[in-house]
2 protein chains.
Amino acid sequence: MKDKRQTIQKNLVLNVVRASDNHPSAEEVYQIVVKDHPSISRSTVYRNLHNLVDEKQIRLVQVLNGPEHFDKTLAMHYHIQCTECNRASDIVVRTANDSETIVESSGYLVKSKEILYLGICPDCQEKIKKLE
Amino acid sequence: MKDKRQTIQKNLVLNVVRASDNHPSAEEVYQIVVKDHPSISRSTVYRNLHNLVDEKQIRLVQVLNGPEHFDKTLAMHYHIQCTECNRASDIVVRTANDSETIVESSGYLVKSKEILYLGICPDCQEKIKKLE
DNA sequence: GTGCCTGCAAATGTTTTGCAAACCT
DNA sequence: AGGTTTGCAAAACATTTGCAGGCAC
């Protein structure tokens, strides 16, 4: 197991995610951190975000066709993605009728719901078997 | 409305998607077309795939963190994405127990199910209002 | 003939990687 | 000292765009 160190940069990244109301992208985290610490590098922010996800200190929120987002909340909840700007937010739904729904918490106008299963395809199952 | 023309390249692209059992990515479509027509350009394939989606001749299948895929089937159905290689397939589920499920049709090992809402965030709603 | 479509090359946006120097413990 | 982490630059990957010439209608 890797020896995970607690560095200044890692704490800066973690604090930015923790201080966010919404789910910032890596670029947004970088922009906030770099304001006060102009010497930090973008790759350090990316690396630390993923380290923090591995350590389960934050959660990765993936959307369709957009950059990765990061979430300070670890507990399971649903997300909504803006089809225009790819922003991601938490969702708390109040159903109005079948086709359109207003999300109270965020002001999003909900258009649709994607259900996507995640798994391992036959080829990759083979590959994994061979590695073991 | 744009005058959509029927070109050789567009037909090649459409036929490749129609001939696919699974959901090829743009790159995969390009690789198949370019075998027989070495002068076709990657951007033409991308452009025509999107044109065909706009014309509803094929369907766009988006996955998390992977390239776009294209689907000859227009009817609604669910998809599964491989977490290792990002391949996308149709899903027909046979529930075994709560956490793991075998998908008969495709041989995927299902690991999880993502529910993602799609909508328009407050900022983009504003922007759209101003354009109208 | 008009103007959409193509092919090329370059740009874009997001993320990853190689590497030497800096840092922690 | 030893190994991890950083910053930089470059690469990687998927996709889009500008443009001049070609082709469909």
Side-chain angles (χ1 to χ4, degrees), chain A residues 1-14 16-17 23-55 57-58 60-70 81-88, chain B residues 1-14 16-17 23-55 57-58 60-70 81-88:
Chain A
M1 191 80 148
K2 269 193 188 173
D3 169 24
K4 293 284 182 188
R5 283 178 192 172
Q6 204 62 19
T7 62
I8 294 165
Q9 291 89 337
K10 189 172 173 181
N11 275 320
L12 290 170
V13 167
L14 178 56
V16 167
V17 176
H23 305 322
S25 64
E27 179 64 24
E28 283 164 349
V29 173
Y30 170 71
Q31 290 302 339
I32 293 168
V33 175
V34 86
K35 246 186 279 168
D36 291 327
H37 302 80
S39 70
I40 200 172
S41 127
R42 201 177 254 99
S43 21
T44 300
V45 172
Y46 275 88
R47 273 187 289 234
N48 277 318
L49 283 168
H50 286 121
N51 287 346
L52 290 164
V53 170
D54 289 346
E55 297 166 21
Q57 300 209 246
I58 61 176
L60 174 62
V61 179
Q62 300 193 101
V63 296
L64 302 177
N65 222 17
E68 297 181 326
H69 297 254
F70 298 89
Q81 164 181 11
C82 178
T83 52
E84 307 301 309
C85 66
N86 281 330
R87 192 177 307 184
Chain B
M1 192 79 151
K2 268 192 189 171
D3 171 24
K4 294 285 183 188
R5 284 179 191 172
Q6 204 61 20
T7 62
I8 293 164
Q9 291 88 339
K10 188 172 175 183
N11 275 318
L12 290 170
V13 167
L14 177 56
V16 167
V17 176
H23 304 321
S25 64
E27 180 64 24
E28 284 165 347
V29 173
Y30 171 71
Q31 291 301 340
I32 293 168
V33 175
V34 87
K35 247 186 279 168
D36 292 326
H37 301 80
S39 69
I40 201 171
S41 129
R42 203 177 251 98
S43 21
T44 298
V45 172
Y46 274 87
R47 274 188 287 233
N48 277 318
L49 284 168
H50 287 122
N51 287 346
L52 290 164
V53 170
D54 289 345
E55 297 167 21
Q57 300 209 246
I58 60 177
L60 174 62
V61 179
Q62 295 188 305
V63 296
L64 302 177
N65 223 17
E68 299 179 325
H69 297 254
F70 297 88
Q81 165 182 11
C82 179
T83 52
E84 307 300 310
C85 67
N86 282 330
R87 192 176 309 184

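Proteins get letters first, then strands, A, B, ... in listed order; numbering begins at 1 in each.
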Student: What residues form a side-chain hydrogen bond (donor to acceptor under 3.5 Å, both in side chains) with Arg42(A), not counting sequence neighbours?
Tutor: Glu27(A)
Student: Roughly what angle, to 10°, lies between the helix axis at the start of the helix from dG1(C)-dC25(D) to dT25(C)-dA1(D) and the one at its end, five pairs per end?
Tutor: 30°
Student: Can you tell me if Asn48(B) touches the phosphate of dT6(C), counting only side-chain N or O atoms and a distance under 4.0 Å to OP1 or OP2?
Tutor: yes
Student: Go through the steps for Asn11(A) and Gln6(A) under the test side chain to side chain donor-acceptor pair (under 3.5 Å), then give the verdict.
Tutor: CA-CA 7 Å; Asn11(A) 275 320; Gln6(A) 204 62 19; 2.9 Å; yes
Student: Within this structure, what is the NZ-to-P distance between Lys10(B) and dG7(C), rounded to whole angstrom?
Tutor: 14 Å
Student: Work out which heavy atom in Val17(A) is nearest to a heavy atom in Leu49(A); give both atom names and the distance.
Tutor: CG2-CD2, 3.8 Å
Student: For Asn51(A) and Asn48(A), what are the C-alpha separation, side-chain angles and deciding distance, and is it a side-chain contact (heavy atoms from CB on, under 4.5 Å)?
Tutor: CA-CA 5 Å; Asn51(A) 287 346; Asn48(A) 277 318; 3.7 Å; yes
Student: What's the CG-P distance between Leu49(B) and dT15(D), to the nearest Å?
Tutor: 10 Å
Student: Rounded to whole angstroms, how far apart are CD on Glu68(B) and P on dC13(D)?
Tutor: 18 Å
Student: Taking OP1 and OP2 of dT15(C), is either one under 4.0 Å from a side-chain nitrogen or oxygen of Tyr46(A)?
Tutor: yes
Student: Sequence neighbours left out, what pairs pass salt bridge (Lys or Arg N to Asp or Glu O under 4.0 Å) with at least one residue falling in residues 45-54 of chain A?
Tutor: none
Student: Rounding to a whole Å, what distance do you find between Gln9(A):CD and dT5(D):C1'?
Tutor: 8 Å
Student: Taking for each residue the nucleotide of DNA chain D bearing the nearest heavy atom, is the 5' side occupied by Ser41(A) or by Gly66(B)?
Tutor: Ser41(A)
Student: Restricting to side-chain contact (heavy atoms from CB on, under 4.5 Å), what partner residues turn up for Val63(A), sequence neighbours left out?
Tutor: His69(A), Gln81(A), Ala88(A)
Student: Quick check for you: among dT16(C), dG7(C), dT16(D), whose closest atom lies nearest to any side-chain atom of His50(A)?
Tutor: dT16(C)
Student: Listed by chain and number, what are the side-chain hydrogen bond (donor to acceptor under 3.5 Å, both in side chains) partners of His37(B), not counting sequence neighbours?
Tutor: none
Student: Rounded to the Å, how far apart are Asn65(B) CG and dT14(C) P?
Tutor: 12 Å
Student: In whole angstroms, how far is the P atom of dT15(D) from the CG atom of Leu64(A)?
Tutor: 13 Å
Student: Does a side-chain heavy-atom distance below 4.5 Å link Phe70(B) with Val61(B)?
Tutor: no
Student: Among all residues two or more places apart in sequence or in another chain, which pass the salt bridge (charged side-chain N to carboxylate O under 4.0 Å, His left out) test with Glu55(A)?
Tutor: Lys10(A)
Student: Would you mind building the protein contact string for nucleotides 17-24 of chain D? One character per nucleotide, 5' to 3', B for base within reach (heavy atoms under 4.0 Å), S for sugar-phosphate only, - for untouched.
Tutor: BB-----B
Student: Tell me the interatomic distance from Arg42(B), atom CZ, to dT15(D), atom P, rounded to whole angstroms.
Tutor: 11 Å
Student: Got a sec? Which of residues 26-40 of chain B come in under 4.0 Å of DNA chain C, heavy atoms?
Tutor: Ser39(B), Ile40(B)
Student: Does Glu28(B) have any side-chain contact (heavy atoms from CB on, under 4.5 Å) partners at least two apart in sequence or in another chain, and if so, which?
Tutor: Pro24(B), Ser25(B)
Student: With sequence neighbours left out, what residues match Gln62(B) under side-chain hydrogen bond (donor to acceptor under 3.5 Å, both in side chains)?
Tutor: none
